[in-house]
Amino acid sequence: KLDMVSLPGYDLARAMENWGLIVQSESTLLQESDANDPMEKAIFAITIVHEIAHQWFGNLVTSRWWSDIWFNEGLATLFENIVLNEIAPELGVDVITVLFFQQALFHDTLNISIPLNYPVELLPTIEHKFDGFAYAKASVIFRMVKSFVGDEAFKNGLHRYFNQFQFKAANSTDFWAILTQESRRACTLSPRKHVGRIMKTWTEQSGYPLIQVDRNP
């Protein structure tokens with residue numbers, strides 16, 4: 001059973017994925033019946049799907065420590081796009097996905113950018129782990145992982161992850177290990193490679209690689 005309730009004056013937090021009772025602000029759940037702005041409808045839908053996704057990513061399996069908050073937020077953000085493209089393609093959420101991608105790239109070029117796996121103990125407050133960058137970059141790298149391991153390995157990896165760690169705490173290292181096994185089984189990853197080692201370069205350092213290609217006529 002899952003209920004969703006809108007609370008007046010809850011605009012600061014926007015939404016919270018309590019297990020079985022999602023709490024949202026009026027501005028993210030209640031829409032005028034004559035509203036016809038496609039972008040506004042998409043944002044409403046994204047917020048709702050994001051909180052529902054947290055029933056798995058965060059509630060069924062929770063983070064082992066605050067430093068891994070990006071892991072659950074990134075997966076919940078990734079599934080906003082996957083779910084809404086399946087059930088409501090007319091909303092065109094791909095546009096917002098591209099904006100998230102651009103936001104991640106821009107923020108990662110700044111001097112203030114920090115790694116996703118940055119120790120929370122070194123931050124002024126835990127709230128710094130919940131900035132938009134953590135959601136944006138994490139969702140982008142999960143999309144990248146899903147692309148190079150393949151849909152089948154990614155889906156099977158999630159199934160195993162949920163079954164193994166349900167009602168427990170886990171972190172990204174646990175998921176990478178499972179995903180490595182599923183990718184090798186699906187023959188999308190070399191036996192000599194490990195998803196965790198690949199992703200360490202994306203989660204434990206800031207920035208992103210810049211590839212320059214010179215084409216000779």
Side-chain angles (χ1 to χ4, degrees), residues 2 4 10 12-19 22-25 28-29 42-85 93 96-108 110 112-147 154 157-158 161-162 165-166 168-176 178-179 195-196 199-200 202-206 208:
L2 175 63
M4 304 180 74
Y10 197 67
L12 181 62
R14 290 181 60 82
M16 180 54 62
E17 64 274 8
N18 308 294
W19 207 349
I22 295 175
V23 178
Q24 291 188 220
S25 64
T28 61
L29 187 61
I43 292 174
F44 267 66
I46 281 172
T47 304
I48 292 171
V49 171
H50 185 93
E51 303 310 318
I52 293 176
H54 271 309
Q55 303 304 302
W56 288 268
F57 307 117
N59 291 351
L60 182 64
V61 183
T62 193
S63 294
R64 192 165 292 166
W65 186 237
W66 293 101
S67 298
D68 252 318
I69 286 298
W70 65 268
F71 178 76
N72 287 331
E73 295 299 346
L75 282 169
T77 303
L78 171 68
F79 273 85
E80 296 169 3
N81 180 270
I82 294 174
V83 171
L84 289 174
N85 270 332
V93 295
I96 298 177
T97 299
V98 171
L99 292 175
F100 255 53
F101 175 66
Q102 293 174 337
Q103 176 188 357
L105 289 177
F106 173 74
H107 192 286
D108 234 1
L110 304 177
I112 60 173
S113 177
I114 60 174
L116 288 173
N117 255 349
Y118 195 76
V120 71
E121 295 86 353
L122 301 180
L123 294 172
T125 64
I126 288 178
E127 282 78 4
H128 282 75
K129 296 293 287 186
F130 291 89
D131 60 9
F133 172 66
Y135 292 65
K137 183 175 181 177
S139 67
V140 168
I141 69 167
F142 275 121
R143 182 177 296 274
M144 180 180 68
V145 172
K146 182 173 177 289
S147 176
F154 194 79
L158 283 175
Y161 174 74
F162 288 138
F165 293 103
Q166 61 179 328
K168 299 177 184 177
N171 59 23
S172 56
T173 301
D174 299 316
F175 181 61
W176 300 145
I178 291 174
L179 201 55
V195 175
M199 297 313 299
K200 185 177 181 179
W202 292 90
T203 62
E204 296 191 3
Q205 63 182 352
S206 58
Y208 54 89

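Nearest approach of Ala170 to Val61, heavy atoms of both residues: CB-CG1, 3.8 Å. What you find for Val195 and Trp176 is that their closest heavy atoms are CG1-CE3, 3.6 Å. Nearest approach of Leu116 to Trp202, heavy atoms of both residues: CD1-O, 4.5 Å. Listed here is the closest heavy atom pair of Ala138 and Ala134: CB-O, 2.9 Å. Shortest non-hydrogen contact noted between Pro119 and Ser67 is CA-OG, 3.6 Å. Between Ser206 and Pro115, the shortest heavy-atom contact is N-CG, 3.8 Å.
The salt bridge (charged side-chain N to carboxylate O under 4.0 Å, His left out) analysis of residues 56-67, with sequence neighbours excluded, yields the pairs Arg64-Asp174.
Interatomic distance, CG of Asn81 versus CZ of Phe79, reported as 10.5 Å (0.5 Å rounding). Taking NE2 of His54 as the reference point, atom OG1 of Thr62 lies at 10.5 Å (rounded to 0.5 Å). A distance of 11.0 Å separates OG1 in Thr203 from CZ in Phe71, rounded to the nearest 0.5 Å. With rounding to the nearest 0.5 angstrom, the CD atom of Glu51 is 6.0 Å from the CD atom of Gln24. In this structure, CG on Asp68 lies 12.0 Å from CZ on Phe175, to the nearest 0.5 angstrom. A distance of 8.5 Å separates CD in Glu73 from OG in Ser63, rounded to the nearest 0.5 Å.
Side-chain rings of Tyr118 and Trp66 stay apart, their centers remaining 6.0 Å or farther from each other.
Applying the ring pair (Phe, Tyr, Trp, His ring centres under 6.0 Å) test to Tyr135 and every residue at least two apart in sequence or in another chain returns His50.
With a 4.5 Å cut-off on side-chain heavy atoms, Thr97 and Arg143 count as touching. Here the side chains of Glu80 and Val93 are not in contact, with every heavy-atom distance at 4.5 Å or above.
In the displayed structure, Phe101 atom CZ is contacted under 6.0 Å by at most 12 heavy atoms of other residues, nucleotides or ligands.
Asn171 places no side-chain N or O within donor-acceptor distance of the main-chain N or O of Trp65, the cut-off being under 3.5 Å.
The aromatic rings of Phe57 and Phe162 sit tilted, their planes meeting at an angle between 30° and 60°.
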